Amino acid sequence: MHGDFPSTNGRHDLAARDWQGVRAGFFRGASDIHAIHDEMRALAPVWRAPWDDVYVSRYDLVSAGLADRALSHVPPGDGAMLERTALHDWLMYQEGEAHAAIRQSLQQPFVGKGIAALRPVVAEAVDAFVANVQTEGEIDVVAAFTRAVPEQVICRLLGVPATDMPLLRGWSASVRAILDTGFDDAFSGGPDAIEAMSDYFTGLARRLLADGDLPPLLAGLPGLVEALGIEVAGRNLAFLAFAGHETTVHLLGNMLHHLAQTPEAWRALGADRRLVTAAIAETLRLESPVQKICRWPLRPVELAGESIEAGSLIVLLIGAANRDPAQFADPARFDLGRAGRQNLAFGRGAHVCIGRALAEMEGAMVLSALLDRWRAIEPVAADWMDNSSIRGLDRLVLRASPA
Ligand code: HEM
């Protein structure tokens with residue numbers, strides 16, 4: 001069905017077997033994505049799959065690829081072969097002037113002193129969902145707060161009424177699934193959930209502009225509407241709503257998963273709260289919520305000796321890069337003592353995540369609140385999501401002991 005299996009780095013014997021697990025739409029949560037990545041990195045760090053996409057798993061190559069301007073963010077066929085969908089207008093799929101205009105409008109609240117203004121909103125969500133969490137016994141932290149805190153934060157920051165939060169949860173599940181299905185499906189036909197979500201946020205943008213009372217993240221909305229119109233603005237508010245919480249949800253869950261597996265780290269955090277920052281960085285490295293990011297070369301390029309044609313889908317495996325032993329000694333270990341080695345969890349270059357400081361703030365405030373309540377945590381049960389792009393838990397049951 002895919003023709004001859006192409007050679008990569010001189011290897012012909014890399015039968016698709018488990019590697020199918022990295023393919024969009026084929027990952028099953030129960031499979032060990034890290035073992036697949038380890039094998040791929042060791043045997044073929046630039047791997048052309050039988051389905052023709054190119055997977056890059058080594059740290060140095062992923063790092064360079066993320067910032068390489070010859071690798072475009074715009075899916076090929078845009079506006080010509082494919083019907084234009086709301087997804088095409090998302091900031092992360094833009095280049096050049098459109099990218100600059102949207103990014104400039106959206107990033108203002110995240111830089112400099114702007115971020116401090118977001119703190120009360122995070123504190124309110126932590127109070128609502130974490131401050132009174134049970135101190136003893138078994139608790140599913142995903143159901144209790146790891147999803148609810150980032151949801152409430154992003155809704156407050158974007159002016160989404162609390163009564164509409166269930167809508168966001170439903171759309172987010174659909175977008176997650178779309179990001180897992182592959183680009184041909186995602187960009188053709190305009191998936192209903194994305195269109196519905198975009199319509200909602202376009203309506204919200206209209207209302208907010210009419211009221212003149214803009215919520216904290218939307219100071220740049222009037223400029224964005226002026227530059228690109230209300231529809232593109234609405235589509236990007238939808239993107240911000242998704243990117244601004246679905247990732248942080250998994251930072252929180254993945255962090256608690258690893259801390260429950262590493263009791264000495266929980267004890268160290270209890271004794272010295274300055275380690276909270278290290279716990280967040282180590283989670284982002286070891287269990288990156290965004291496992292992969294796609295690019296399309298504008299012209300033929302060479303990666304580690306492999307020639308790649310213009311327009312090929314290049315999948316940069318952030319999750320694999322962040323466990324590269326050439327960059328991180330003993331990479332599978334959760335180690336609060338790691339310092340000075342940059343992980344790639346937030347990307348790099350012109351499209352580097354704009355919400356990093358907010359995500360880190362949410363992680364730090366949730367973890368601090370939990371350290372106040374729990375002396376120790378033990379793992380009871382964990383169900384990973386079936387998703388090749390977003391790495392996180394559907395359920396995480398821990399047993400807590402009171403502080
Ligand atoms: C742990 C949490 C998060 C992770 C792991 C994460 C990860 C990423 C990554 C890897 C990219 C780069 C995409 C690329 O290069 O194509 C990105 C971009 C982006 N992120 Fe985040 N993110 C997180 C939280 C947030 C939050 C809280 C917000 C906003 C409230 C946000 C908004 C964005 C936006 C708007 C972009 C697109 C930037 C651009 O294309 O110029 N993210 N994020």
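Start at 1 and go down the list; that is how both ligands and their atoms are numbered. Worth saying up front: this structure is predicted, and the values here are computed from it rather than measured.
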Check your understanding: Do ligand 1 and Arg295 have nitrogen or oxygen atoms that lie under 3.5 Å from each other?
Key -> yes
Exercise for review: Please could you name the atoms of ligand 1 that Arg103 approaches to less than 4.0 Å, counting only its heavy atoms?
Suggested key: 38 (C), 39 (C), 41 (O)
Practice item. Answer yes or no for Arg285 and Phe328: cation-pi contact, defined as NZ/CZ to six-membered ring centre under 6.0 Å and angle to ring axis within 45°. Key: yes
**Study point:** Contact with ligand 1 for Phe239, non-hydrogen, under 4.0 angstrom
**Key:** yes
Point to revise | Nearest non-hydrogen protein atom, atom 7 (C) of ligand 1 | key: Ala345 O, 3.5 Å
Point to revise | Plane angle bin for Tyr93 and Trp90 - parallel if under 30°, tilted between 30 and 60°, otherwise perpendicular | key: parallel
Study note, to complete from the structure: Under 4.0 Å from one or more heavy atoms of Leu358, ligand 1 contributes atoms 30 (C)
Practice item. Assess Arg391 against Trp384: is NZ or CZ under 6.0 Å from the centre of the six-membered ring, and within 45 degrees of the ring's axis? Key: yes
Practice item. Could you tell me whether Leu284 approaches ligand 1 through its side chain, its backbone, both or neither, with non-hydrogen atoms closer than 4.0 Å? Key: side chain
Review point. Quick one: does Leu106 get within less than 4.0 Å of ligand 1, heavy atoms only?
Key: no
**Study point:** Contact check, His245 vs ligand 1, heavy-atom distance below 4.0 Å
**Key:** no
Review point. Under the 3.5 angstrom rule, does the side chain of Ser389 hit a backbone N or O of Leu179 as a donor-acceptor pair?
Key: yes
**Study point:** Any His99 heavy atom less than 4.0 Å to ligand 1
**Key:** yes
